[in-house]
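One structure below.
Below, each value reflects all heavy atoms present in this structure, side chains not excepted, and no hydrogens, waters or symmetry copies. Counting begins at 1 with the first residue of the sequence.
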Amino acid sequence: MTILMLLSTQVAMYLYQAILTMNHLFSDLQSQCRGEIMMTLEKIVKGLGSAGQNSYKDVYKACKAAMTDRAMAVRTGAAKVGITYCILE
């Protein structure tokens with residue numbers, strides 16, 4: 001059990017704000033940073049579980065945009081987030 005799983009309902013709003021900030025910065029960053037953002041989103045989605053339902057739409061939009069990126073690391077990260085997202089649904 002992770003801390004996010006134990007406190008998911010209490011920290012869900014803070015993580016929602018973090019997701020919005022990452023999505024806003026996504027297009028302006030270099031490919032390495034975009035790949036790191038995808039890995040971070042994957043961990044957030046895994047940790048929140050069903051408590052993050054209001055942020056999953058934004059995560060899906062970010063993954064959809066990242067799947068067409070030039071860098072393979074970004075596309076791989078987006079695919080991992082998408083798989084994690086589908087498992088939770």
Do Leu41 and Tyr60 sit in the same hydrophobic cluster, where Ile, Leu, Val, Met, Phe, Trp and Tyr count as joined when their side-chain heavy atoms come under 4.5 Å apart?
yes
Kindly write out the residues that satisfy side chain to side chain contact (heavy atoms under 4.5 Å, CB included) with Thr40, not counting sequence neighbours, or none if the list is empty.
Met22, Ile44
Inter-residue atom distance Thr84.OG1 - Lys46.NZ, 0.5 Å rounding:
5.0 Å
Those residues at least two apart in sequence (or on a different chain) that pass side chain to side chain contact (heavy atoms under 4.5 Å, CB included) with Leu20 are Tyr16, Gln17, Asp58
The side chain to side chain contact (heavy atoms under 4.5 Å, CB included) partners of Glu36 (sequence neighbours excluded) come to Gln32, Met39
If you measure from CE on Met67 to CE on Met38, what distance do you get to the nearest 0.5 Å?
10.0 Å
I need the Leu25 CG to Ile37 CD1 distance, nearest 0.5 Å.
6.5 Å
Quick one: does any side-chain atom of Arg34 pair with a main-chain N or O of Leu29 as donor and acceptor, under 3.5 Å?
yes
Could you list the donor-acceptor pairs under 3.5 angstrom formed between side-chain atoms of residues 72-80 and any protein atom two or more places apart in sequence or on another chain?
| from | atom 1 | to | atom 2 | distance (Å) |
| --- | --- | --- | --- | --- |
| Arg75 | NH1 | Asp69 | O | 3.4 |
| Thr76 | OG1 | Met72 | O | 2.8 |

